[in-house]
Amino acid sequence: MLEMRMFREAADVIRSDHDRRGISHDLIDEVIALDKQWKDLRYKVDQIRRQRNDAAREIAAAKKAGDTQEVEKILSQVANLGAQIEELGTTADETEKNRDRIRMKIPNILHESVPIGDDENENTSHSMHGKIPEFKFEPKVHNDLIEENKWVDLGRAAKIAGSRFYYLKGDLARLELALQQFSVEFLVNRGYTLVQPPVMMNRDAYEGVTDLSDFETVMYDIQPDGYYAIATSEHPLTAMFMDEVIEPSLLPIKMVGVSPCFRREVGAHGLSDKGIWRVHQFTKVEQIVICKPEESWNHHEDLLQNCIDLWDELELYYRVVNICTGDMGTVAAKKYDLEAWLPGVQNFKEVVSCSNCTDYQANRLRMRYRTSDGNSSVHTLNSTAVATSRALVAIMEQYQEEDGRVRIPKKLLRWFNEQTHLEKTNW
RNA sequence: GCUGACGUCGCAUAGCCUGGUAUUGCGCUGGAUUUGAAAUCCAGUGUCCCUUGGACUCGGGAGUUCGAAUCUCUCCGUCAGCGCCA
């Protein structure tokens, strides 16, 4: 959410951002109009309250002096003030809520380096990494590999849960754990603190970190308790300091989170979503930074560099793209994606997303830090390190051999004793 | 789930019984003093507004009242004990 100050003093900045995104100014104008209404109402209510407070003080004084006549007189004068305050106050509150409901829909101000474009086809290339894997045979898609090796049971998962759930079995499940451990250690070595968060959150905290439309399409709504299953540990880790004034000496706070992630994936479909590429539940190792505003762009590059170094250690072939205006969500001011090469489908597909959300989440979460002139919103950043299901797909496809076995990346060998390949599961 | 205690400004505390508009300390910021630092002293240090001023704020919400941190109801949370449990 953008600060109200911005609508009052720098609405042009928001307008030109909307122009870059190619969306209309209607919502901005609505917010500004409602704000004006609210301020008028607020002023009126304040004035009446002032009368009431003055009267209350006079009554106290009169009572002290024992002048009951004077008390009665004042009481009769202020008899209906309460009702007026009630009525105007309610209208003011509703106007403010309305203003903020619309304000929540207005996206973050994009960084100037975000390329202009309509959709994901106009994301620009940032860099290429690794060596393209070469095959003397026709490389298979991962759905064939998991079936052939009996590493994933989709059918039985559908039976007990539903489609897009899966049982991970045998060596592929072991590789999944190895990936978690490897990436957590990697980030711990770079000064990140491991945090395992709650996997459910209440509505209030959730509204602080995500786009409102996600409640309909992404999040599992858990009743009767009114919780939401987290779609990523970014959400509980970022919201962790909600409603707090953070000691500046604690900043930057760097966390590595590991958690299961739950996504409804309403409306998702298509051939490329087969297998375990797009699923309702997966594990993700995530990087989170909470920092002072002036540091956030450096941290954003650091987060990306961490990803690059980590994926290089896994010896995978991938590229980094700079997400364009049309493909950017509501919350991020700038976003890089890592896209891994999938030789089975001859295409690059998203495996990592690295965002600077500037003060957008912090404003909603009322998450501030102390400065020499008042409290100021922090900046929040998040980046995938490894989403295990997708990393598994990339590894399977890039490390596959002609007989259908999959070589284990060097850095993960220490979790596999003498083994060099992932072996087939018996059942 | 039951019983009880508790929730006050960044932190810690007083005020609650008996209603009259949040005390004190620490930390932080600025100033004085100092060669510098420490110590000391002074001021400031929750939010909002149309800022010589005003309104709001004591876990959230509702109620009683001219007036609520204070009384009542309700919800949430924390802690302790009991019960259940991986």
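Chain letters run A, B, ... following the sequence lines, proteins first, then strands; residues in each count from 1. Nothing here was measured: the structure is a model prediction, and the numbers come from that model.
Here, B:C58 and B:A22 have their P atoms 12 Å apart, quoted to the whole Å. For B:A69 and B:G20, the P atoms lie 10 Å apart once the distance is rounded to whole Å. Of the C1' atoms belonging to B:G53 and B:A39, the separation is 39 Å, rounded to the nearest Å. Distance check on atom C1': B:U33 versus B:U78 gives 46 Å, rounded to whole Å. Nucleotides B:G77 and B:U23 are separated by 32 Å at their P atoms, to the nearest Å. Comparing the C1' positions of B:G63 and B:G19 gives an interatomic distance of 15 Å, to the nearest angstrom. Look at the P atom in both B:G46 and B:U57: the space between them is 16 Å, to the nearest Å. Here, B:C17 and B:U72 have their C1' atoms 15 Å apart, quoted to the whole Å.
Between the P atom of B:C9 and the CD1 atom of A:Ile246 lies a distance of 18 Å, rounded to the nearest Å. Atom CD1 in A:Ile48 sits roughly 17 Å away from atom P in B:C66 (whole-Å rounding). Between the CZ atom of A:Arg203 and the C1' atom of B:G60 there is a distance of 18 Å, rounded to whole Å. Here the C1' atom of nucleotide B:G59 and the CG atom of A:Asn202 are 14 Å apart, to the nearest Å. Taking atom CD of A:Glu58 as the reference point, atom P of B:C66 lies 16 Å away to the nearest angstrom. Atom CE of A:Met367 is separated from atom P of B:G10 by 16 Å (rounded to the nearest Å). Taking atom CZ of residue A:Arg366 and atom P of nucleotide B:G60, one finds them 12 Å apart after rounding to whole Å.
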Bracket string, RNA chain B, 5' to 3' - pairs by Watson-Crick or G-U geometry under 3.5 Å, | interstrand: ((((((((.[[[..)....(...]]]((((((.......))))))((((...))))..[[[[[..)....]]]]])))))))....
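Taking the six-membered ring where tryptophan is involved, the planes of A:His280 and A:Phe165 are tilted, since the angle between them lies from 30° to 60°. Note: A:Phe182 and A:Phe186 have tilted aromatic rings, judged against thresholds of 30 and 60 degrees for the angle between ring planes. The aromatic rings of A:Trp297 and A:His111 sit tilted, their planes meeting at an angle between 30° and 60°.
At distances below 3.5 Å, at least one donor-acceptor pair connects side-chain atoms of A:Gln400 with backbone N or O atoms of A:Glu397.
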Worked verdict on A:Tyr399 versus A:His421 for side chain to side chain contact (heavy atoms under 4.5 Å, CB included): CA-CA 9 Å; A:Tyr399 279 81; A:His421 288 71; over 6 Å; no
Pair A:Val152-A:Leu154, side chain to side chain contact (heavy atoms under 4.5 Å, CB included): steps then yes or no: CA-CA 6 Å; A:Val152 176; A:Leu154 290 166; 3.9 Å; yes
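Salt-bridge check for A:Arg50 with A:Asp46: failed, with every basic side-chain N at 4.0 Å or more from each acidic carboxylate O. Taking the charged nitrogens against the carboxylate oxygens, A:Glu265 and A:Arg164 have no contact shorter than 4.0 Å, which rules out a salt bridge.
Non-hydrogen atoms lying under 4.0 Å from RNA chain B are contributed by nothing in residues 88-95 of chain A.
In summary, the side chains of A:Lys334 and A:Ser113 do present a donor paired with an acceptor at a separation below 3.5 Å, with no hydrogens or angles considered. Using modelled atom types, one finds no donor on one side chain facing an acceptor on the other under 3.5 Å when comparing A:Glu147 with A:Asn143. Side-chain polar atoms of A:Thr330 and A:Asp211 form a donor-acceptor pair below 3.5 angstrom. Judged purely by distance below 3.5 Å, without hydrogens or angles, the side chains of A:Thr358 and A:Asn108 pair a donor atom with an acceptor atom. Judged purely by distance below 3.5 Å, without hydrogens or angles, the side chains of A:Tyr318 and A:Asp312 pair a donor atom with an acceptor atom.
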Output a table of donor-acceptor pairs, distance under 3.5 Å, between side-chain atoms of residues 192-199 of chain A and any protein atom two or more places apart or on a different chain; print 'none' if there are none.
unit_1	atom_1	unit_2	atom_2	d
A:Tyr192	OH	A:Asn306	ND2	3.1

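Looking only at side-chain heavy atoms (C-beta outward), A:Cys291 and A:Tyr369 stay at 4.5 Å or farther from each other.
Here the straight-line distance linking atom OH of A:Tyr360 with atom CG of A:Leu2 works out to 6.0 Å at 0.5 Å rounding. Between A:Leu177 atom CG and A:Leu168 atom CG the span is 9.0 Å, to the nearest 0.5 Å.
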Pull out every protein N or O sitting under 3.5 Å from an N or O of nucleotides 17-22 of chain B, one pair per line with the distance.
unit_1	atom_1	unit_2	atom_2	d
B:G20	O6	A:Lys63	NZ	3.0
B:G20	N2	A:Ala56	O	3.1

Short N/O separations, protein against nucleotides 74-79 of chain B, under 3.5 angstrom:
none

Under 3.5 Å between N/O atoms: give me all the protein pairs with nucleotides 46-53 of chain B, atom names plus distance.
unit_1	atom_1	unit_2	atom_2	d
B:C48	O2'	A:Arg42	NH1	3.1
B:C48	O2	A:Arg42	NH2	3.2
B:C49	OP1	A:Arg8	NH1	2.2
B:C49	OP1	A:Arg8	NH2	2.8
B:C50	OP1	A:Lys39	NZ	2.6
B:C50	N4	A:Asp40	OD1	3.2

